[in-house]
Every structure is written in C-alpha cells, then in structure tokens.
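Data block below; observations after.
Computed from a prediction, not measured in an experiment: that's the story for all the values here. Naming: A, B, ... by sequence-line order, numbering from 1 per chain.
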There are 2 protein chains.
Amino acid sequence: MASRAGAVTLADVARAAGVSKMTVSRALSPDRSAALQPDTLARVRAAAGSLGYRPNLAARSLTARRSGIVAIVVPDLGNAVFAEIIAGIQAGLKDTGRETIVARTGFDPAAECDTVRHLSGWNPDAFVLAGPSRTDAVRALVRDLGIPTVEVMDLPPDPIDMAVGFPHAEAGALAAEHLHARGYRRPATLSCNAADTRAARRIEGFRARATGLGLAPPVDLFDPAEPSFGLGRALCARLRARAPAVDCVFAANDLLAVGAVLHCQDAGVAVPGALAVCGFNDLPIAAEIGGGLTTVHSPRRAIGRETAALLLDLAGGAARPVAPVRHIPCHVVPRGTT
Amino acid sequence: MASRAGAVTLADVARAAGVSKMTVSRALSPDRSAALQPDTLARVRAAAGSLGYRPNLAARSLTARRSGIVAIVVPDLGNAVFAEIIAGIQAGLKDTGRETIVARTGFDPAAECDTVRHLSGWNPDAFVLAGPSRTDAVRALVRDLGIPTVEVMDLPPDPIDMAVGFPHAEAGALAAEHLHARGYRRPATLSCNAADTRAARRIEGFRARATGLGLAPPVDLFDPAEPSFGLGRALCARLRARAPAVDCVFAANDLLAVGAVLHCQDAGVAVPGALAVCGFNDLPIAAEIGGGLTTVHSPRRAIGRETAALLLDLAGGAARPVAPVRHIPCHVVPRGTT
DNA sequence: CTGAAAGCGCTTACAG
DNA sequence: CTGAAAGCGCTTACAG
C-alpha cells in the first residue's frame, strides 16, 4: 500500500530500475527525457509504473522553484460568469502539467488580499484575479510578489500586470447602440449591488453612448440588494410608476432583465411593443425564456481560454507575452425583447 | 522586493530577531507558539511582519507531511449544486489554516481517477469527491493512497471511506409522498442525462414509494440530453401527447420542472389544476418563477458545512470521526405548482 | 523555554 | 548519456 507514510519515492524507483535518482528524475520529466537512451527510459518508466510512483509535488516545487499552480481568486463560485471563466482556464491548461487552485473572496476586497498573500506561499506560477475591484493593498502585494498576474473579465484603466477582458463601459455602449438602431428613444437603466463597480461602469457607458446618439437622458433605477428575478420585477414596477414614458430598458445583468420581462408579462405590458428590454451577460436563462431575452454577451469562455493561452505564452519563455492586455469584445445577441 | 528569487525565509527572520530558526518556526505556528516566552514571541512576530515573511508552504508540506490542502473534485463548476457545496466547505474551513484546491472532471469518471492521482502528489489532507459515479479504479486508488476521503451529496450503498449527503431514492420518495398527500393519483416522471445516475435513483425512489402508496404506476419520460428549460418544455409536451390522463409530474431536476411549467403556461394547461409539478434541488429559480415551484430541497450548504466539520473532527485526532457517514436529509418545499 | 542536527523528496548545477 | 553532491526551506525529534 502506497500510503502516505511509506510512499514510493524517486530513490525506490531508481533502485528498482538499477539507475540513479537523477536518471529517474529525467525520465519522468517530459522536457528532459529526450536526453536519455531509449532502453533506459523504458526501464525506468516500467519500474515507476509497476511501483505506482507518484512524484511528491511539494518536493518538486521546493527545488524547481515553480509549482505549476495557477491560483484563481474569484468573488463567488455560484455565479455562472466566474464558473465559466474557471472552466475556460482549466480547459486551456489541460494536459500542460498545470493545476489550478481556486479561492473565493465573497466580494470582500480585504479577503482578496489575504487570499493572495496566503496562496503566494505555494509559489504559484501565476495569479488570476476575477473580482470587480482591487484594493491598493493587493496591487502593492502582487507587484511585490513578482508573480505574473492576470486580471480577467475587465480591462482596468491601470492593469497591475496583464489583463484579459473588455471595458465594461463598452458593453453599455453596445446596448445603447442596439436600442437606438431599433428605434427606441426614451431609455431607462436598472442596476443593483453597490459592490459591483463593473455594473456601474456598464450603466455609465450606456448613458454616455445613449446621450451621444441623441436619446433622452436615461432614467436610472438602482437598488443596493443582490441581483435576482424578484428584484428585477420590483425595479421594473417602480420604473413604470415613476417614468411611464420610457420605451426601453438596459438592465445591468440578465437576472434583473428577466425579472423586468416577467413583471411586464404579469402586468400586461407588451414586450417589446410597450417596453423593450436588454440585459447583460447572456446567461443560459436568456435563451430559455419565451421569445428569448436580447442581451449583451460577455465572452466568459473565450476570456478563460485566452487567459490560459496567455499563461502558456508566459511559460514559453518571453518575460512578458507579446500582448499583455488582451481585449475580448462583447457583442449584442438580439432576441425577442427588443 | 520579496520576489520569488530572493524570498524572505525563516533564517532571515531568525537573524533579524536574534533567535534560532526553530524559535521562529514555533512562533509562527499557532499550535506551538504557546511554549514561547511572551517577549520572544513578540520580537519574532515583529521581525516576521517587518520583513514581510510568508512561509514557503511546499517546504512546510514536505517536512510536516501534511499540506493543509483539501482537494475537491467536482464534475462541473457552473452547476449551482456543486458551487454551493464548495462554498459551504470553504466557509466551514475558513480560518482553520486549510486551503481548498478544486478540480473539475466534466462528468468523466476516467478524468476523476486521473485528477485524484495527480492531486495526490500534493499530499492533500483529504479528498472530497462530488461526482455522481465512481469507477473501481478510483475506489482502489483512493483506498491505496490512505488519504481520508469524503463522498458528498449522496450516501452510496458502499462508501469508500466517509460520506455526507442523502440517498437519492429518498428524495424521490418524498416527492411521491407529497403528491400523494395533495391528492394526486396518476403520476409521471421526467428525467434526462444518462450519466446522472443519481437522477435515476431519484426516479426509482419515486416509483417505489408512489406504487407503495397506491398511486398508478408512473409514466416515465427520459431524454439523454443535458437538462435545460427547453428540454423540460419538450418532455412535458411529449408527456401530454402520450399520457393525457396524468395529473402530476416529478421532474428529476428543477430545470426540467421549470421547463414543464413554462410549457403548461404556453399551452394553457392549468398548474396545478390540470397538472401538478414537483422538481428537485430547490435552486434559486424555483422560488423566482410566478407562484413558485414546489420542489425537493437538496441541502447543499449544509452538506458543505458538515463536510468541513467532519474534516475538522478528523484533524482533531480521532483516526476516524464518530460518524463517518452523515445523513443530511432533504425536504419538500411546497409552493404553487402542487 | 530554546537550539543544533538531521532529513523530507526532489532538481540544479557540475562532472565525467 | 549518466551520476554524485549539494541544497531548496521548512519541521521533527532530541537535547539541554
């Protein structure tokens, strides 16, 4: 039994194969095994296989000074957006000898800093930070650590190191252009969750482009609660009471947007006839509701894959990849609500 | 700059504080610092703080023979069920010096084995396996590794080691009891995804209890596709065409159940008047649809927290905790669709 | 209460 | 193409 106490080590394999530990080390390293004589290689691999050798990764990490770990820090796992980014990264890193370690902060910027500090003890090859805001403390810490860091989902005005995503103002601007092109002229916005600074920038981007295109200044409704269908219903009800002339709505996320559509269905308000609705993210739910929700697609998978590619470029040699800031644009998915 | 090359080590702190490495090691270990003189402790901590010392976790893991890592293997992160189990575990492990490492298998049982084998190289304190099925290879591997392992979400007939969850047949039985108590007598079941063996057991449990209570034998509709609202709509349409006398439906998951309700709304079928619908999981969507979906709540958070508690019990000393198999029951949440 | 020695299991950097 | 030596940064087990 290869249990923890008496685990099979490099020395055991060396003994069994009649070679030195170094030869075993080389035989089991994809990069260095080419230098070995074919029959030596075969003998070592056979011995390793029959003994059930599994390298001690802590020991490897200690000497090689790189762990092969990519540390991903997200606010929340239940959120499909972050889950898909992680899935994209893991898919892109598959079979490259890199493992991911995922930590969640619960949207607490201070927790992000503690988490990065702690994870740094594993000497990750890279950090991926997915949360919406970054404290100065994290920025200083990450710089000080000297570990490559990718900020994802967003393109911050002042990236710490690398970034893969899109400026959230752009997502709002695309929604404004779409609604304008469809002929709507009196817009409103729905948003929530004060901690979500990206949502705020989407709304700002919408407002800027909407007024630039000559639409009426948007009526903004905001609620500090977390997003949900129920909140979308409530905000839409409030909107109709306050500003009945509004003919279209940009909701900062799909949950609010679907809630708004549900409210309209219940209240007998024709969508998009009396009120058009555009969301953000393009979660699966957007395609599932009757007629489909028009929404701005955020390319989570592509961001994850591109992040993996960036990390592999890094490992490939260049001190910094050719393009350390990669813009993955979002786009409008027109469906039945606009 | 405390970058990777010249990171601050225990020896650096020892020099700065004028003590030996051992004293620093003790001062920084919560368990062993009690044995130090208070002023020594303070001096060491001050030195560690001002130098920005961060322990090298690979080195610690190598000597202490435990990493403090809990390795969680899930089929999919986008699935709210697994995300919540992970969140529950992470919440329960917070401030206990344990980190989680999360890997996904994409519902591929062979990938589960490869993943466990690879993660074992980090000498995790424990494995948490969340997927629905386990190959004999993983079972053998995990036993051979001698690392404590918790299977979660389910209570398998033959647990490898520890387990936290509920038998899925029980969830189906609860649904049958609920529908029976409400007076429904001619049931059907909707299910999908051949790889989801747990769903199959929920359906079996439903059938057994339904017939035991004297209901008509359920009409079973199955589709091999992944669950979605759209599939729920389609299955419900098929059901009504094939078995118009059916008066209630147990759907193996909330996505199918919501889809079934949406189909009924579109088709002008009164819910629950003409057809009652009960789902499984109690995802947020269940409370959000108009009137609310009646569903069997799966206690994901509680399972996560209980798993964390089990792991802490383990660390507390006992070779195996008092109750290595913990039953966290599910329950019906009655809402508007039954 | 504190410390000197040994060693965890690997890989790096030299040799030959 | 292969190997002997040294050392990564910690903690365990002994001493005192």
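To the nearest angstrom, P of D:dC10 lies 10 Å from CG of A:Asn123. Whole-Å rounding puts the A:Arg32 CZ to C:dT11 C1' distance at 6 Å. Rounded to an integer number of Å, the gap from CH2 of A:Trp122 to C1' of D:dC10 is 12 Å. Distance CG (A:Asp12) to P (C:dG9): 9 Å, rounded to an integer number of Å.
Evaluation of the side chain to side chain contact (heavy atoms under 4.5 Å, CB included) rule for B:Pro132 yields B:Pro75, B:Phe107, B:Asp196, B:Thr197, B:Arg198 as partners, not counting sequence neighbours. Taking A:Pro299 as the reference, A:Phe166, A:His297, A:Ala302, A:Ile303, A:Ile328, A:Cys330 meet the side chain to side chain contact (heavy atoms under 4.5 Å, CB included) condition, with sequence neighbours excluded. When the side chain to side chain contact (heavy atoms under 4.5 Å, CB included) test is applied to A:Ala110, the partners found at least two apart in sequence or on another chain are A:Asp108. For A:Ser25, the side-chain hydrogen bond (donor to acceptor under 3.5 Å, both in side chains) partners at least two apart in sequence or on another chain are A:Arg32. Scanning for side chain to side chain contact (heavy atoms under 4.5 Å, CB included) contacts around B:Ala11 gives B:Thr9, B:Arg15, B:Lys21, with sequence neighbours left out.
For the pair A:Val70/A:Gln90, no side-chain contact is recorded, criterion being any heavy-atom separation below 4.5 Å from C-beta on.
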N/O donor to acceptor pairs below 3.5 angstrom from side-chain atoms of residues 78-86 of chain A, sequence neighbours left out:
{"unit_1": "A:Asn79", "atom_1": "OD1", "unit_2": "A:Val81", "atom_2": "N", "d": "2.8"}
{"unit_1": "A:Glu84", "atom_1": "OE1", "unit_2": "A:Arg300", "atom_2": "NE", "d": "3.4"}
{"unit_1": "A:Glu84", "atom_1": "OE1", "unit_2": "A:Arg300", "atom_2": "NH2", "d": "3.2"}
{"unit_1": "A:Glu84", "atom_1": "OE2", "unit_2": "A:Arg300", "atom_2": "NH2", "d": "3.2"}

Check residues 33-47 of chain B and write down every donor-acceptor pair under 3.5 Å in which the side-chain atom is one partner and the other belongs to a residue at least two apart or another chain.
{"unit_1": "B:Gln37", "atom_1": "NE2", "unit_2": "B:Asp39", "atom_2": "OD1", "d": "3.4"}
{"unit_1": "B:Arg43", "atom_1": "NH1", "unit_2": "B:Ala17", "atom_2": "O", "d": "2.7"}

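Paired regions of DNA chain C, where each region holds three or more successive Watson-Crick or G-U pairs whose two hydrogen-bonding distances fall under 3.5 Å, are C:1-3 with D:14-16, C:5-12 with D:5-12, C:14-16 with D:1-3.
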- Item | Nucleic acid footprint by protein, nucleotides 1-8 of chain C - heavy-atom cut-off 4.0 Å, B for base, S for sugar-phosphate alone | SBBB--BB

